[in-house]
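Along the sequence shown, residues carry numbers from 1. When a ligand or atom number is given, it counts from 1 through the structure's own listing order.
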Amino acid sequence: MSVIRTIAAVILSISFVVFVALFGRLPIFRRTPIAFLYRLLWKHIPNGFVAVDDRLTGRRVSRSLARTGDYLMNEAHPLVLIFFVLLQVVGEVLFIPAAWARFTVSQLTLLPPLVLAPLAFLYLSATTSSNITPHNHRSSMLAYPYDYALFHPGYFCSTCRRAKPPRSKHCSLCKACVQRQDHHCIWINNCVGRNNYLWFNLLLVSIAALLAYGASLGYLLLDAHLQQKLVPPALTRGSVTSKRWSTRMTWTEFAHCWAWVISKEWRIGAVMMLAAMSCPLALGFLLYHVYLIWAGMTTNESAKWGDWKEDIADGVAFRAEMRQIREIYPPLPEDVEPRDEDVRWPAGVRAKWWMVRTKNGQPPMKKAMQDEASETDVGEVREEPDERWVKVKSIAEVENLYDLGFWGNLGDGLFNRG
Ligand SMILES: [Zn+2]
Ligand SMILES: [Zn+2]
């Protein structure tokens, strides 16, 4: 029992700390213990460490740690990817030989595709680039229209010095603007973007399948071991109903039997437990991406929509009808704002509204018509609120231009590659 409890406690605590470290700063956890733990982890503990180090070595240790941390966090390096591959391979090397003699033919047949698929999709996800280059910049500009909510024309990447295509984002790790950037994924040491979204999703599917398979195979094998040990076939030979080993056991006895068989067959047992605990994680990521496909957005865009929601609640979001304000904001040069008919996106799906956020909750201003009688102070231009801009009251008033419905989004997300 103590073996199973220790392994479970260690894995669960590591998962919890990783969860807090990654997601603790999300607004949903504000004023909760999770946010407190996040500050403890990223602020108070490091500060305490630096204070101690200051006394002992004059901050020498913390300086070199900071350099290492800076490298790990801000440079593209394959350490996590290597760890990911090792985790899979070591798990398989432990599990498969130990279970080899007991596999049925059908269990054996499923093994090669399930083992190889994650590695193949990992390779494709890691090596397929969605980076914007001088060569593909024009086609990136034409892939999607500007929606004038999340993406406005006229913005230039200060690093790449090119106009930012709709749905793109500069990645400081990949050191490039990335087409339809979703997020930078440290597991694949690459950005998830327009060209590898298919491979990334297949990686999630295949990893979830492999983990589910490993967990259930491990369960079947160890369960059979217990059956063999506790109810030898000789005992039930000739009886109509074969007895299960766990019949009439208390929960404690049941747990003890499992702890015994896991420590007895630790290779299968450890891999089974790791697979069972990480499978929900892979499934969770996969479901999140199915949700994003359903909603017609990338991870990057879901954060931008979150910002709009807050700005709408704060009353600083305004919108105007495109056709009313186009005259005061004429189209930019074609390499900055392509003509609508050149954009490869369903012709009818174009921005109808122009969204802006203002600092003070006042609509954007326009120059007031000078009143002849009151023209006393010459040279000073009076400004007044432009009534074409109307306050947005709810996110429901805003439409997502990139949402073509689930199947449209699925086809676009997976197969519209540059
Ligand atoms: Zn850039
Ligand atoms: Zn990246």
Side-chain angles (χ1 to χ4, degrees), residues 18 21-23 25-26 68-85 121-148 150-204 207 282 285-286 288-289 292-293 297-307 332-338 343 402 413-414 416-418:
V18 170
L22 290 178
F23 302 113
R25 63 173 173 171
L26 292 182
T68 318
D70 186 55
Y71 169 75
L72 289 178
M73 300 295 287
N74 300 321
E75 292 292 323
H77 59 79
L79 289 181
V80 182
L81 181 134
I82 293 168
F83 172 71
F84 189 26
V85 173
F121 293 134
L122 180 56
Y123 173 79
L124 288 167
S125 302
T127 54
T128 308
S129 162
S130 307
N131 291 2
I132 295 173
T133 61
H135 176 68
N136 65 20
H137 181 252
R138 181 67 186 157
S139 70
S140 314
M141 293 292 287
L142 298 178
Y144 297 98
Y146 285 102
D147 67 347
Y148 292 82
L150 307 184
F151 303 99
H152 292 81
Y155 286 90
F156 284 74
C157 174
S158 56
T159 311
C160 308
R161 300 187 179 283
R162 278 189 291 271
K164 285 185 170 195
R167 310 194 81 178
S168 70
K169 183 176 184 273
H170 183 85
C171 173
S172 56
L173 291 160
C174 296
K175 299 185 171 39
C177 280
V178 177
Q179 299 187 61
R180 204 184 62 223
Q181 201 257 16
D182 192 278
H183 69 288
H184 183 92
C185 172
I186 51 169
W187 295 94
I188 64 171
N189 189 32
N190 193 8
C191 258
V192 176
R194 186 180 175 197
N195 294 339
N196 64 353
Y197 198 55
L198 172 67
W199 306 133
F200 176 74
N201 277 285
L202 287 173
L203 172 64
L204 291 181
I207 277 285
F285 268 120
L286 180 63
Y288 178 61
H289 279 276
L292 286 177
I293 291 171
M297 50 188 190
T298 61
T299 303
N300 173 40
E301 289 164 8
S302 85
K304 284 174 175 274
W305 282 121
D307 293 344
L332 298 165
E334 231 190 272
D335 54 337
V336 181
E337 184 183 353
V343 175
Y402 306 124
L414 303 186
N416 173 3
R417 303 202 263 156

Could you check whether Glu334 pairs with Arg138 (Lys NZ or Arg NE/NH1/NH2 to Asp/Glu carboxylate O, under 4.0 Å)?
yes
Can you find a pair of side-chain heavy atoms, one from Phe121 and one from Asn201, that are under 4.5 Å apart?
no
Partner residues of His77 under the ring pair (Phe, Tyr, Trp, His ring centres under 6.0 Å) criterion, sequence neighbours left out
Tyr71
Would Arg180 and Tyr197 count as having a side-chain donor-acceptor pair, cut-off 3.5 Å?
no
Taking the six-membered ring where the residue is Trp, are the ring centres of Tyr155 and His170 under 6.0 Å apart?
no
Holding to side-chain hydrogen bond (donor to acceptor under 3.5 Å, both in side chains), I want the full list of residues that pass it with Thr299, two or more places apart in sequence or in another chain.
Asp182
At distances under 2.8 Å, what protein N, O or S atoms surround the Zn ion (ligand 2)?
Cys171 SG, Cys174 SG, His184 ND1, Cys191 SG
Looking from the Zn ion (ligand 1), what is the angle between SG on Cys177 and SG on Cys160, to the nearest 10°?
110°
With Trp187 via ring pair (Phe, Tyr, Trp, His ring centres under 6.0 Å) - residues at least two apart
Phe84
Atom nearest to the Zn ion (ligand 1) - His170, N, O or S atoms considered
ND1
